[in-house]
Amino acid sequence: MKIIGKFNKLNPLLGLYVAAGLLIAAIPVRLYQQLTIIEQDTGFYKAIDRSVYVMYILAALALCFSYAVAFLAKNIPASKSPYRKNIILALTSILLGVGIVLDVVSAMSDFIINAKSFATAGISLLGTADQGQIPILFETVLGIFAAIYLLVFGISYIDGRTTYSQYKFLAITPFFWAIARLVGRLITKIAYVNVSDLMLEIFGIAFMMIFFMSFARISSGLSNKKAMRSVFASGAVAAFLLGTANIPRLLLLVSGNAYKITSGYSISICDLIFVFFAAAYIINAYKCAKENDSKELLNEYEKHDADMETDDDFLSE
């Protein structure tokens with residue numbers, strides 16, 4: 001029995017709305033954990049209380065609801081780029097490009113610092129395989145191209161043109177940039193056993209990677225039928241996880257409690273902006289498809305009325 005696209009009345013945006021609601025619920029839980037039960041030096045939980053289980057439950061609900069809605073709803077937009085002016089999507093895309101540039105600068109700084117320490121110790125510039133220099137290098141190079149593409153993507157939605165669809169190679173670079181970030185964390189930060197923050201970042205970047213893979217297919221016109229469903233599902237989950245990881249850090253910073261942020265896990269501007277970019281992209285795709293459906297329906301009615309008028313003229317003769 002076919003399950004995908006079975007429910008006609010299920011709103012495709014429901015998964016995103018549920019993920020947003022769960023994110024709002026997760027932020028105070030995460031703040032409580034940062035202030036009370038997480039060691040700032042190691043990232044370990046000092047004690048396992050109910051908040052830990054609540055966090056796992058919220059993450060599981062965000063995952064299940066987002067994927068269930070995305071694959072059960074019938075009215076998911078077609079897997080093609082929605083072309084129309086959208087200032088919010090344009091702004092979030094451009095800001096995400098800027099955020100990636102900041103991430104690239106930070107990664108390059110880490111690369112240089114590590115290279116200097118390796119040189120002092122008589123180790124090569126790239127270090128050894130488990131020291132993460134190669135993923136940082138790839139993250140830096142790919143991040144530059146990813147930022148360029150997202151800037152072009154954003155500008156395209158300011159003037160309503162399809163400029164970004166012409167750059168099929170650049171479209172895939174945000175996906176490869178996300179892969180490099182994920183590999184870097186698996187190689188380097190796993191050694192510091194920062195369990196709590198590490199888990200959120202690894203899974204958040206993994207779902208960001210899935211989002212950008214489908215995003216690249218759609219933007220370049222090489223997508224399959226399920227690409228937009230994947231965007232709706234993975235985008236909502238990634239937004240929840242990366243928002244849960246970074247928004248509490250931002251609140252701790254502005255409230256004067258920056259010392260409570262786990263060492264080595266500063267605020268990621270690009271991850272924070274991605275939360276809003278993913279939401280803007282999903283909402284724009286749905287609204288654009290809905291408007292196109294309304295226009296097609298209106299054209300059908302107009303054509304039907306024209307045919308009726310022709311029939312009436314024929315009968316009057």
Side-chain angles (χ1 to χ4, degrees), residues 43 90-120 123-127 130-155 164 167 169-192 194 197-198 200-202 204-206 208-209 211-212 215-216 238-239 241-243 245-254 258-259 261-278 280:
L91 182 61
T92 54
S93 179
I94 292 171
L95 288 175
L96 180 57
V98 174
I100 291 176
V101 170
L102 295 176
D103 183 80
V104 165
V105 171
S106 176
M108 197 62 199
S109 176
D110 291 341
F111 182 88
I112 294 172
I113 291 172
N114 291 341
K116 289 180 178 179
S117 64
F118 294 156
T120 303
I123 305 175
S124 68
L125 181 69
L126 296 178
D130 63 343
Q131 289 167 327
Q133 284 290 83
I134 295 177
I136 291 176
L137 188 59
F138 276 109
E139 179 182 342
T140 302
V141 175
L142 292 167
I144 294 171
F145 289 107
I148 292 172
Y149 183 75
L150 287 166
L151 291 173
V152 173
F153 184 87
I155 293 171
Y164 64 87
Y167 302 98
F169 169 75
L170 282 178
I172 200 69
T173 54
F175 167 63
F176 285 119
W177 167 74
I179 291 178
R181 294 185 71 207
L182 182 62
V183 171
R185 277 157 179 74
L186 289 172
I187 289 177
T188 58
K189 293 191 176 182
I190 196 69
Y192 302 109
N194 288 313
D197 283 289
L198 180 65
L200 288 172
E201 285 198 0
I202 283 179
I205 294 173
M208 175 200 279
M209 181 184 68
F211 173 90
F212 275 133
F215 168 81
L241 292 169
L242 295 176
N246 287 280
I247 293 176
R249 296 173 188 168
L250 179 62
L251 294 175
L252 288 172
L253 179 65
V254 299
Y259 67 95
I261 300 175
T262 306
S263 177
Y265 287 87
S266 58
I267 300 168
S268 174
I269 301 298
C270 61
D271 288 348
L272 195 58
I273 298 172
F274 175 84
V275 174
F276 301 98
F277 170 75

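All values reported here derive from a predicted model rather than from experimental measurement.
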Shortest non-hydrogen contact from [X] to [Y]?
X    : Y    : result
G154 : A90  : O-CB, 3.1 Å
A216 : A171 : CB-O, 3.2 Å
G204 : A238 : O-CB, 3.8 Å
T92  : A280 : OG1-CB, 3.8 Å
G243 : P248 : O-CD, 3.5 Å
L198 : R185 : CD1-O, 4.3 Å

Exam field: side chain T173 to backbone L170, donor-acceptor pair closer than 3.5 Å: yes
Just by modelled atom types, is the G99 backbone N or O under 3.5 Å from a matching donor or acceptor in the D103 side chain? no
Near-ring test F211/F274, centroid separation under 6.0 angstrom: yes
Please round to the nearest 0.5 Å and tell me the distance separating atom [atom1] of [X] and atom [atom2] of [Y].
X    : Y    : atom1 : atom2 : value
F215 : I172 : CZ    : CD1   : 10.5 Å
I94  : I155 : CD1   : CD1   : 5.5 Å
L241 : L200 : CG    : CG    : 6.5 Å
L91  : L95  : CG    : CG    : 4.5 Å
S266 : L253 : OG    : CG    : 10.0 Å

Does Y149 have any ring pair (Phe, Tyr, Trp, His ring centres under 6.0 Å) partners at least two apart in sequence or in another chain, and if so, which? none
Results of side chain to side chain contact (heavy atoms under 4.5 Å, CB included) for [X] - residues two or more places apart only:
X    : answer
I112 : M108, K116
A239 : V275
L182 : L186, I202, I205, A206, M209
V141 : F145

Does some side-chain heavy atom of [Y] sit less than 4.5 Å from a side-chain heavy atom of [X]?
X    : Y    : value
F277 : L150 : yes
L272 : L242 : no
V183 : E139 : no

Does any pair with a residue in residues 264-275 pass salt bridge (Lys or Arg N to Asp or Glu O under 4.0 Å), and if so which ones, sequence neighbours excluded? R181-D271
Could you please spell out the steps behind the side-chain contact (heavy atoms from CB on, under 4.5 Å) verdict for L102 and C270? CA-CA 8 Å; L102 295 176; C270 61; over 6 Å; no
Give the intermediate values and the outcome of side-chain contact (heavy atoms from CB on, under 4.5 Å) for residues W177 and F212. CA-CA 9 Å; W177 167 74; F212 275 133; 4.3 Å; yes
